[in-house]
Participant: 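Structure provided below as structure tokens; questions to follow.
Note: hydrogens, waters and symmetry copies are ignored here, and every other heavy atom, side chains too, is used.
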Amino acid sequence: MKEYTDYPILKYNTFGMDVKASRFVEYSSVDELRAFLLSVDKNQPILHIGGGSNLLFISDFRGIILHSAIKGFTVEDETDEWIDINAGAGEVWDDFVEYSVSHGWYGAENLSIIPGEVGASAVQNIGAYGVEAKDIIHKVHTVCVADASERVFSNEECTYSYRESIFKGELKGRYVVTHVTYRLSKLPCYHLSYGNISSELERRGLEPSLQNVRNVIIDVRRSKLPEPSELGNAGSFFMNPMVTVSKYNELSSLYPDMPHYPIDDNTVKIPAGWMIDRCGWKGRNIGPAGVYQKQALVLVNLGGATGSDITNLADEIIKSVKDKFGVEIRPEVNYIY
């Protein structure tokens with residue numbers, strides 16, 4: 001286990017906020033984590049982070065930041081149709097996707113190159129191109145912060161919904177994810193209808209395959225999203241709002257070209273990036289905080305921005321969308337004070 005005081009966490013947040021943690025602790029096993037939790041004073045704030053790709057630090061963190069270095073992929077169970085892979089929470093998420101694709105297992109490929117670590121996938125319910133982590137998560141292995149006891153949550157117990165889980169809601173801050181077990185298909189199963197995956201495969205003259213789908217998604221994402229090492233960002237800053245069918249019908253009569261994705265008989269998802277773009281924000285900035293010129297859903301640190309600079313820009317965008325469309329958009333990024 002590694003421990004540091006007044007530790008700079010610039011490399012642990014993709015927005016590039018130059019902040020410090022009063023104490024930074026990195027553990028490499030469940031036993032190390034449990035021993036630490038049994039010994040630590042829990043009256044001080046404790047924050048567990050992964051790669052920091054969904055965090056916005058507003059200021060220095062006056063407490064303890066925990067980080068997992070638990071690694072490894074192991075086969076937990078399998079049949080002729082599926083396989084359960086147990087992944088350490090400290091593994092880079094895209095390394096898990098690459099590992100799955102290289103072994104011919106279906107389910108994770110649409111989530112290629114989403115930044116972050118395995119543990120965060122189970123907390124955030126990350127998603128892209130019509131697939132969410134909840135679709136492949138079988139079990140989530142955790143340690144309770146209060147008493148260091150171990151508990152395994154089934155998929156159902158995680159109460160997943162769009163970018164939400166029990167670990168972000170009812171049990172926020174109460175459990176640390178140590179491993180995630182994913183159930184992947186051994187039988188061909190593609191999700192190609194969302195976005196332009198299918199048309200891009202056709203344009204390239206490619207048949208669907210795990211590697212082809214992964215390559216297309218990597219290329220499309222890289223064409224739209226800046227590298228955090230070059231321009232600080234947290235990927236998609238806002239969640240795509242869900243509206244009623246009646247609200248969608250009202251908007252579509254005014255904006256016939258508005259993209260939309262039916263969720264069920266009563267709900268429609270509208271891309272927040274499209275609305276932000278229609279409000280004229282793409283490529284604009286307020287001081288050192290800006291909206292990425294290629295994708296309006298992404299807010300960027302143009303250099304030297306503070307957390308407050310980013311939140312002020314986000315607030316202005318939220319107001320613009322509300323005023324123009326009557327729809328409230330919410331940040332997907334977590335603000336850390």
Participant: With salt bridge (Lys or Arg N to Asp or Glu O under 4.0 Å) as the test, would you mind laying out the steps for Arg34 and Asp147 before giving the verdict?
Facilitator: CA-CA 8 Å; Arg34 295 185 69 239; Asp147 62 11; over 6 Å; no
Participant: To the nearest 0.5 Å, what is the distance between CD (Glu76) and CD1 (Ile85)?
Facilitator: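 Between atom CD of Glu76 and atom CD1 of Ile85 there are 9.0 Å.
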Participant: Using atom types as modelled and distance alone, determine if a side-chain donor or acceptor of Asp94 lies under 3.5 Å from a backbone N or O of Ile113.
Facilitator: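 Yes.
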Participant: If only atom types and distance count, is the side chain of Glu109 paired as donor or acceptor with the main-chain N or O of Gly107 below 3.5 Å?
Facilitator: yes
Participant: Give the ring-plane orientation class for Tyr255 versus Trp274, where under 30° counts as parallel, over 60° as perpendicular and anything between as tilted.
Facilitator: perpendicular
Participant: Answer yes if the ring centres of Tyr175 and Phe167 are under 6.0 angstrom apart, and no otherwise.
Facilitator: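 No: the rings miss the under 6.0 Å criterion.
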Participant: Is the closest basic N to carboxylate O distance between Asp60 and Arg62 below 4.0 Å?
Facilitator: yes
Participant: Sub-3.5 Å donor-acceptor pair from the side chain of Ser100 to the main-chain atoms of Ala108, do we have one?
Facilitator: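 No.
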Participant: So does Arg151 have more than 12 non-hydrogen atoms from other groups sitting under 6.0 Å from CZ?
Facilitator: yes
Participant: Spell out, as yes or no, whether a donor-acceptor pair under 3.5 Å connects the side chain of Glu3 to the backbone of Phe24.
Facilitator: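 Looks like no, no N/O pair under 3.5 Å.
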Participant: Judged by modelled atom types alone, do Asn196 and Ser199 share a side-chain donor-acceptor pair under 3.5 Å?
Facilitator: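 Short answer, no.
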Participant: Whether the Asn43 and Asp41 side chains hold a donor-acceptor pair (N or O, under 3.5 Å, no angle test) is what I'd like checked.
Facilitator: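 Yes.
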Participant: Do other residues, nucleotides or ligands put more than 12 heavy atoms under 6.0 Å from the NZ atom of Lys42?
Facilitator: yes
Participant: For Leu313 and Leu299: C-alpha separation, side-chain torsions, deciding distance, then whether side-chain contact (heavy atoms from CB on, under 4.5 Å) applies.
Facilitator: CA-CA 8 Å; Leu313 174 61; Leu299 303 191; 4.1 Å; yes
Participant: Does Tyr129 have its ring centroid less than 6.0 Å away from the ring centroid of His191?
Facilitator: no
Participant: Are Glu81 and Lys186 side-chain neighbours, meaning at least one heavy-atom pair lies under 4.5 Å?
Facilitator: no
Participant: Is the shortest side-chain heavy-atom distance between Met17 and Leu10 below 4.5 Å?
Facilitator: no
Participant: Testing the 3.5 Å rule here: is there a donor-acceptor pair between the side chains of Asp323 and Ser320?
Facilitator: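 No - no donor-acceptor pair under 3.5 Å links their side chains.
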Participant: Roughly how far, to the nearest 0.5 Å, is the CG atom of Asn13 from the CD1 atom of Ile49?
Facilitator: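 If we round to the nearest 0.5 Å, Ile49:CD1 and Asn13:CG are 8.0 Å apart.
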Participant: Name the residue from Ile286, Ile329, Asn312 that meets the side-chain contact (heavy atoms from CB on, under 4.5 Å) definition with Ile317.
Facilitator: Ile329
Participant: Keeping Thr14 on the side-chain end and Pro228 on the backbone end, is there a donor-acceptor pair under 3.5 Å?
Facilitator: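 Side chain of Thr14 to backbone of Pro228, a donor-acceptor pair under 3.5 Å: no, none is there.
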Participant: Can Val25 and Lys2 be said to form a side-chain contact (heavy atoms from CB on, under 4.5 Å), step by step?
Facilitator: CA-CA 6 Å; Val25 177; Lys2 301 175 182 178; over 6 Å; no
Participant: Does this structure show an ion pair linking Arg214 with Asp219, if we count only N-O contacts that are shorter than 4.0 Å?
Facilitator: no
Participant: Centroid separation under 6.0 Å, is that true for the rings of Tyr182 and Trp93?
Facilitator: yes
Participant: So do the side chains of Val123 and Val177 get within less than 4.5 Å of each other, counting heavy atoms only?
Facilitator: yes
Participant: Within 45° of the ring axis of Tyr162 and under 6.0 Å from its six-membered ring centre, is that where the NZ or CZ of Lys134 lies?
Facilitator: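 So Lys134 doesn't make the cation-pi contact.
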Participant: Distance from Ile136 atom CD1 to Ser185 atom OG, nearest 0.5 Å?
Facilitator: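 Result: 11.5 Å between the selected atoms.
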Participant: Using every non-hydrogen atom in the two residues, find where Val333 and Leu55 come nearest and quote the distance to one decimal.
Facilitator: CG1-C, 3.8 Å
Participant: Check the pair Asp277, Gln295 against side chain to side chain donor-acceptor pair (under 3.5 Å), reporting the backbone distance first and the verdict last.
Facilitator: CA-CA 8 Å; Asp277 191 6; Gln295 171 54 270; over 6 Å; no
Participant: Taking the side chain as C-beta and beyond, is there a heavy-atom pair between Asn285 and Val300 under 4.5 Å?
Facilitator: no
Participant: Taking Thr267 for the side chain and Asp264 for the main chain, is one N or O donor matched with an acceptor at less than 3.5 Å?
Facilitator: no
Participant: Do you see a donor-acceptor pair shorter than 3.5 Å between the side chains of Thr181 and His141?
Facilitator: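 His141 and Thr181 do have a side-chain donor-acceptor pair below 3.5 Å.
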Participant: I want to check something: taking the side chain as every heavy atom from C-beta on, are Glu78 and Asp84 in contact at a cut-off of under 4.5 Å?
Facilitator: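 Not in contact.
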Participant: Can you confirm whether Pro262 sits close enough to His260 that some side-chain heavy atom of one is under 4.5 Å from a side-chain heavy atom of the other?
Facilitator: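 In short, these two side chains touch, coming nearer than 4.5 Å.
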Participant: Heavy atoms, side chains only, cut-off 4.5 Å: are Ser165 and Thr159 in contact?
Facilitator: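 Sidechains of Thr159 and Ser165: no contact.
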Participant: If you measure from the Lys or Arg side-chain nitrogens to the Asp or Glu carboxylate oxygens, is any gap between Lys20 and Asp6 under 4.0 Å?
Facilitator: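 A salt bridge is absent here (no side-chain N lies under 4.0 Å from a carboxylate O).
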Participant: Look at the rings of Trp105 and Tyr99 and say which category their plane angle falls in: under 30° parallel, 30 to 60° tilted, over 60° perpendicular.
Facilitator: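 Perpendicular, since the angle between the ring planes exceeds 60°.
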Participant: Check whether any side-chain N or O of Glu170 sits under 3.5 Å from a backbone N or O of Ile166 as a donor-acceptor pair, and report yes or no.
Facilitator: no
Participant: So does Met1 get a backbone contact from the side chain of Glu32, meaning a donor-acceptor N/O pair under 3.5 Å?
Facilitator: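 At least one qualifying donor-acceptor pair exists.
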Participant: Considering only heavy atoms from C-beta outward, does the side chain of Val298 approach that of Lys224 to under 4.5 Å?
Facilitator: no
Participant: Looking only at the aromatic ring of each residue, does the gap between the centers of Tyr337 and Phe57 stay below 6.0 angstrom?
Facilitator: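 Judged by ring-centre distance (under 6.0 Å), Phe57 and Tyr337 do not meet the cut-off.
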Participant: Apply ring-ring contact (aromatic ring centres under 6.0 Å, His included) to Phe36 and Tyr27, showing your working.
Facilitator: CA-CA 9 Å; Phe36 175 78; Tyr27 57 90; 8.3 Å; no
Participant: For Asp315 and Lys319, what are the C-alpha separation, side-chain angles and deciding distance, and is it a salt bridge (Lys or Arg N to Asp or Glu O under 4.0 Å)?
Facilitator: CA-CA 6 Å; Asp315 289 344; Lys319 183 178 183 301; over 6 Å; no
Participant: I'd like to know if Glu332 pairs up with Arg163 as an ion pair, taking the criterion as any Lys NZ or Arg NE/NH1/NH2 lying under 4.0 Å from an Asp or Glu carboxylate oxygen.
Facilitator: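 Here Glu332 pairs with Arg163 in a salt bridge, since their nearest N and O are under 4.0 Å apart.
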Participant: Does a donor on one side chain sit under 3.5 Å from an acceptor on the other, for Thr244 and Ser246?
Facilitator: yes
Participant: For the side chain of Asn215 and the backbone of Gln211, is there at least one donor-acceptor N/O pair under 3.5 Å apart?
Facilitator: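 It does hold such a pair.
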Participant: How long is the span from the CG atom in Leu297 to the CE atom in Met275, to the nearest 0.5 Å?
Facilitator: 9.5 Å
Participant: State, to 0.1 Å, how close Leu111 and Ala128 come at their nearest heavy-atom pair, and which atoms those are.
Facilitator: CD2-N, 3.5 Å
Participant: Which is it for Ser209 and Tyr190 under the side-chain contact (heavy atoms from CB on, under 4.5 Å) test, yes or no, and what are the steps along the way?
Facilitator: CA-CA 8 Å; Ser209 73; Tyr190 298 106; 4.2 Å; yes
Participant: Please check: side-chain N/O of Glu157 versus main-chain N/O of Ser154, any donor-acceptor pairing under 3.5 Å?
Facilitator: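 Looks like yes, one N/O pair under 3.5 Å.
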Participant: Find the distance between CG (Leu254) and CG (Asn249) and round it off to the nearest 0.5 Å.
Facilitator: 11.0 Å
Participant: Going through the checks in order, is the side-chain contact (heavy atoms from CB on, under 4.5 Å) test met by Thr311 and Ile58?
Facilitator: CA-CA 8 Å; Thr311 59; Ile58 310 304; 3.7 Å; yes
Participant: Distance check, rounded to the nearest 0.5 Å: Phe153 atom CZ versus Thr142 atom OG1?
Facilitator: 4.5 Å
Participant: Could you go through Glu98 and Ser102, starting from their C-alpha distance and side-chain angles, then the distance that decides it, and tell me whether this counts as side chain to side chain donor-acceptor pair (under 3.5 Å)?
Facilitator: CA-CA 6 Å; Glu98 183 179 39; Ser102 68; over 6 Å; no
Participant: Specify the closest pair of heavy atoms between Asn301 and Gly16, including all atoms of both residues, with the distance to one decimal.
Facilitator: ND2-O, 3.7 Å
